[in-house]
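Chain letters run A, B, ... following the sequence lines, proteins first and then strands; every chain starts at 1. Being a predicted model, the structure only gives us computed values, none of them experimental.
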There are 2 protein chains.
Amino acid sequence: MLMTSPRQDKSTAAPAGKREEKSAAMRRRICEAATECFAARGYHRSSIKQVVDAAGVSLGALQHHFPSKDDLVEATATHLLGRSVKWFQRAKLNIAQDKNAFGDMIRQSWREQFTTDEYAALLEILVAARTDEDLRARVAPRLDDWRRAIEAELRDLVPGGDDGAGELEAVLTIGRCMMTGLLVHDGLIGDAGHMRKVIDAWVRLATGSGR
Amino acid sequence: MLMTSPRQDKSTAAPAGKREEKSAAMRRRICEAATECFAARGYHRSSIKQVVDAAGVSLGALQHHFPSKDDLVEATATHLLGRSVKWFQRAKLNIAQDKNAFGDMIRQSWREQFTTDEYAALLEILVAARTDEDLRARVAPRLDDWRRAIEAELRDLVPGGDDGAGELEAVLTIGRCMMTGLLVHDGLIGDAGHMRKVIDAWVRLATGSGR
DNA sequence: GACAAAACAATATGACCATATTGTTTTATG
DNA sequence: CATAAAACAATATGGTCATATTGTTTTGTC
C-alpha cells in the first residue's frame with residue numbers, strides 16, 4: 001500500500017524546523033489550494049476532495065487541520081484578508097506622495113488585488129457567507145478587521161482636510177464596493193478594457209478632476 | 001381511462017388561450033419560488049426540491065417547464081431583469097425633473113431595488129455564473145441587454161451635455177456596481193444605517209455637490 | 001368523439017459530498 | 001529509547017442532489 005503517497009520531499013523542508021512550522025506550512029498550502037478551487041469553480045462547487053487533490057495532500061491531513069469545511073473556509077478567508085493588508089502596506093511605501101497618489105493607488109489596487117484569483121476566491125466566500133449564518137458569524141468579524149486595518153493604513157495617504165477622516169472612509173468604501181460590483185456585473189461579460197474605463201471614471205470622480 | 005366528455009363546463013374555465021396562459025402562470029410561479037430560495041439560502045444550496053416545495057408544485061411540473069436547472073436559472077434571471085427594467089420605467093415617470101432627480105433616483109433604487117430578495121437572488125445567479133461556463137453563456141447576454149435597456153431608459157433624465165452619454169454610462173455603472181459591492185461587503189455586517197450613509201456619500205460625489 | 005400533444009405527477013437512479021471512523025507514521029520530550 | 005501526542009492516511013457512511021423514467025390527466029384540433 002501507500003504506493004502513491006503524497007509525501008513532501010524532505011530535501012527542501014527544514015529538518016531543524018519545528019512541528020509547528022511544518023503544520024503552518026501545511027495549513028498555508030491547503031488554504032492556497034482552496035483559493036485556487038474557489039476561484040476556478042466557485043465556493044459550493046469546490047469539494048473537499050478537490051481541494052485535497054489541488055493541494056496534493058491526503059484527506060486525513062486536511063481533516064486534521066480543518067475538521068469542518070467552515071474551519072477551512074474561515075482560515076482561507078483570514079489568509080486572503082491578511083495578504084491584502086500586507087499588499088496595502090507595501091503599496092503605500094511604493095507610491096510617491098504627489099497629487100496622483102490616490103489615483104495610482106486605485107488603479108494599482110484594481111490590477112494587483114481585485115483582478116486576481118485571490119479576490120475571486122474571497123468574493124466566493126463573502127457571497128456564500130451571506131446566506132450561511134454559521135459561516136457569516138465566522139467571516140464577518142474578519143472582514144470588519146480587514147476594513148479597519150486598511151483604513152488605518154491609508155489614513156495619512158490622502159491629503160484630505162479636517163473632515164478627511166469620514167470622507168476617506170466613504171471614498172474607500174465606495175471604491176472597494178464599486179470594484180467588487182464591477183467584477184460581478186461587468187466581469188461576467190469579460191471586457192477588461194471597459195472595466196478599466198470605469199476605474200478611470202471613478203478616479204476622476206473621486207479626485208474631483210475633470211469636472 | 002376515464003373518458004369523460006370535455007364539451008361542457010366552459011362557464012368557469014378560461015375561454016381562449018387557456019393552455020398557454022396557464023403555462024405562463026406556472027412558469028412565473030416557479031421563478032418566484034426560485035427567487036425566494038436563492039435569496040434565502042443562496043444559489044447552490046437551493047435544490048430543485050426546495051423550489052418545488054416553495055412553489056407548491058410537483059417536481060414533474062417543474063421539469064416539464066424547465067428540463068434542466070440551468071433552464072430554470074436562466075428563466076429566473078430573465079424574469080428578475082425584466083422586472084428591474086419595468087421598475088426604472090415606472091420610477092422615471094414618478095421623479096420630478098428638478099435638480100435632485102438623480103439623487104432621488106439613486107436612493108430610491110437602493111431602497112426598492114437593491115435591498116430586496118429579488119436582487120439578492122440575482123446576485124446569487126450572477127456570482128454562480130462567474131464560475132459556471134454554461135450558465136454564464138446563458139446569463140451574460142441577458143445582463144447586457146438589461147444594462148442597455150436601463151441606460152436607454154435614463155438617457156434623458158440626466159441633464160448632461162454633449163459628453164453626457166459616456167458620462168452617464170460611467171456614473172450609472174459605478175453606482176450599480178457600488179451598490180452591488182455594498183451588499184456583498186458591508187451587507188455582511190448588516191448595518192443598514194452605515195450603508196445608507198455610503199449611498200448618500202455616493203450621491204454627493206456623483207452630483208458634484210458639497211465639494 | 002377521437003387523438004395527439006402538452007401538462008402534470010410519482011418514483012428511481014447514480015453520482016457526489018461532508019464527515020466519521022479507524023489505522024499508521026512522525027515528532028517532541030522525559 | 002520509551003511513549004504519548006500530533007500528523008497523516010485510507011476507507012466507510014448517510015444524506016442530498018440533478019435528472020431519468022414512467023405513468024396519468026388535461027387541452028386543442030380535426
Nearest-Å distance, CZ (B:R45) to C1' (D:dG15)?
15 Å
When the nearest nucleotide of DNA chain C is assigned to A:K49 and to B:L59 on a heavy-atom basis, which residue is associated with the more 5' position?
B:L59
Quickly work out the A:D53 CG to C:dC17 P distance and round it to whole Å.
10 Å
Proximity to the side chain of B:S58 - top-ranked nucleotide from D:dA18, C:dA9, C:dC17
C:dA9
Considering only heavy side-chain atoms of B:H65, the closest of C:dC17, C:dA18, C:dC8 is C:dC8
Distance check needed: C:dC16 C1' versus A:K69 NZ, whole Å only.
12 Å
A:H64 side chain N/O closer than 4.0 Å to the phosphate oxygens (OP1, OP2) of D:dC8?
no
Salt bridge check: are A:R176 and B:D186 linked by an N-O gap of less than 4.0 Å?
yes
In plain terms, say whether B:D132 and A:R41 are close enough for a salt bridge, that is, a side-chain N and a carboxylate O under 4.0 Å apart.
no
N-O pairing of A:D145 and A:R142 below 4.0 Å:
no
Does a nitrogen or oxygen in the side chain of A:S23 sit under 4.0 Å from OP1 or OP2 of D:dA7?
yes
Just compare C:dC17, C:dC8, D:dC8 and give me whichever is closest to any side-chain atom of A:S47.
C:dC17
Between CG of A:D132 and C1' of C:dA18 the distance, given in whole Å, is 13 Å
Please confirm whether any donor atom in the side chain of B:Q63 sits under 3.5 Å from an acceptor in the base of C:dA9, or the reverse.
no
Between P of C:dA7 and CZ of B:R29, the distance in whole Å
15 Å
Rounded to the Å, how far apart are A:Q50 CD and C:dA15 P?
16 Å
Expressed in angstrom and rounded to an integer, what is the separation of A:I30 atom CD1 from D:dA7 atom P?
11 Å
Check whether any side-chain heavy atom of B:K22 sits under 4.5 Å from a side-chain heavy atom of B:M26, and report yes or no.
no
Taking the side chain of B:K22 as heavy atoms from C-beta outward, which of D:dA18, C:dC8, C:dT27 is closest to it?
C:dC8
Where the side chain of A:A61 is concerned, which of D:dT19, D:dT26, D:dA9 is the nearest nucleotide?
D:dA9
Just how far, in rounded Å, is C1' of C:dT19 from CG of A:D71?
12 Å
With side chains defined as the heavy atoms from C-beta onward, is the minimum distance between A:L80 and A:Y119 less than 4.5 Å?
no
